[in-house]
Amino acid sequence: MTDRTGSEPPVTGAKGPDELRRQIERTRSELGDTVEELAGKMDVKGRARARAADLRDKAGAMTVQLRSSAAQAGHTVHDRATQAGHKVQDKAAKTGHQVQDKAVKTGHQVQDRTLQAGHVTQGKASQTSAALERRAERSVPQPARPLVMAAVRHPGPTLIVGAALVAVVVVSWRYPKK
């Protein structure tokens with residue numbers, strides 16, 4: 001419903017046929033605008049469809065963002081666990097070599113002990129690597145945990161599947177069924 005603005009003159013009696021026609025035309029225009037406004041407010045189904053489409057778009061964007069964040073977290077956890085494992089293994093190997101060098105100087109008995117120490121150190125390195133992976137499992141939120149752990153264990157196939165899934169989602173949003 002339209003409000004009359006202060007710029008329009010108040011409606012009074014027509015002073016002639018032309019004036020009367022202008023008033024009739026103005027009244028028709030105002031009435032048409034009012035009917036259009038009422039029709040727009042009464043189209044509940046159309047407004048609901050528009051709102052549903054907006055919510056679908058927002059949900060889709062949030063899904064893509066969540067998947068991207070989960071993949072990024074998986075890569076980060078995998079990279080850090082791998083780096084920590086490599087550092088521990090490198091230090092264990094270096095220590096093992098140093099001990100082994102000393103063992104060669106003192107004889108076979110010491111050499112056997114050195115090898116045993118190297119094996120223990122490597123075992124500890126493997127345990128540390130596994131502990132880091134378990135810590136990553138606990139630090140990732142539950143909804144994304146299976147995805148992150150799969151990415152940690154199998155990064156290549158996970159990236160391929162993720163890219164294919166993103167392509168399918170984008171195509172389905174871009175060309176929805178009618």
Side-chain angles (χ1 to χ4, degrees), residues 1-89 128-178:
M1 305 198 217
T2 58
D3 294 328
R4 295 188 180 255
T5 59
S7 63
E8 294 182 21
V11 177
T12 59
K15 295 184 182 176
D18 290 335
E19 176 84 20
L20 185 59
R21 284 186 192 104
R22 281 194 297 270
Q23 285 179 0
I24 289 171
E25 199 55 42
R26 185 173 44 243
T27 303
R28 280 183 184 161
S29 174
E30 290 173 4
L31 184 60
D33 291 343
T34 302
V35 168
E36 282 182 28
E37 286 180 29
L38 286 173
K41 289 182 179 180
M42 296 304 293
D43 185 17
V44 174
K45 192 173 184 180
R47 290 183 4 214
R49 283 183 183 156
R51 178 70 174 144
D54 287 344
L55 290 175
R56 254 191 318 263
D57 290 344
K58 286 181 183 179
M62 291 175 91
T63 301
V64 169
Q65 184 179 9
L66 177 62
R67 285 184 179 142
S68 175
S69 297
Q72 182 64 34
H75 291 302
T76 301
V77 168
H78 181 263
D79 291 345
R80 287 183 181 172
T82 302
Q83 288 174 355
H86 286 304
K87 284 182 182 179
V88 169
Q89 286 177 343
T128 303
S129 178
L132 288 173
E133 188 172 341
R134 283 192 304 276
R135 178 187 278 171
E137 285 179 353
R138 288 191 303 264
S139 66
V140 174
Q142 180 58 33
R145 188 173 297 150
L147 180 64
V148 170
M149 293 316 300
V152 168
R153 291 185 188 106
H154 312 288
T158 302
L159 289 174
I160 292 169
V161 169
L165 184 62
V166 167
V168 167
V169 168
V170 168
V171 167
S172 68
W173 284 336
R174 184 81 170 139
Y175 305 103
K177 286 186 175 181
K178 294 184 180 184

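Side chains included, hydrogens not; waters and symmetry mates left out as well; all remaining heavy atoms used.
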Flag side-chain contact, heavy atom, 4.5 Å: Ser68 against Gln72: no
Close side-chain approach of Gln83 and His86, heavy atoms under 4.5 Å: no
Ion pair check, Arg51 and Asp54, cut-off under 4.0 Å: no
Test: Glu19 and Arg22 ion pair at under 4.0 Å: yes
Once you round to the nearest 0.5 Å, how far does [atom1] of [X] lie from [atom2] of [Y]?
{"X": "Thr82", "Y": "Gln89", "atom1": "OG1", "atom2": "CD", "answer": "10.0 Å"}
{"X": "Leu31", "Y": "Glu36", "atom1": "CG", "atom2": "CD", "answer": "10.5 Å"}
{"X": "Arg21", "Y": "Arg26", "atom1": "CZ", "atom2": "CZ", "answer": "15.0 Å"}

Candidate pair Leu20 and Lys15, rule side-chain contact (heavy atoms from CB on, under 4.5 Å), full reasoning: CA-CA 7 Å; Leu20 185 59; Lys15 295 184 182 176; over 6 Å; no
From CA spacing to verdict: side-chain contact (heavy atoms from CB on, under 4.5 Å), Trp173, Val64: CA-CA 12 Å; Trp173 284 336; Val64 169; 3.5 Å; yes
Val169 versus Ser172, closest heavy-atom pair with distance: O-OG, 2.9 Å
Side-chain donor/acceptor of Ser29 to backbone N/O of Glu25, under 3.5 Å: no
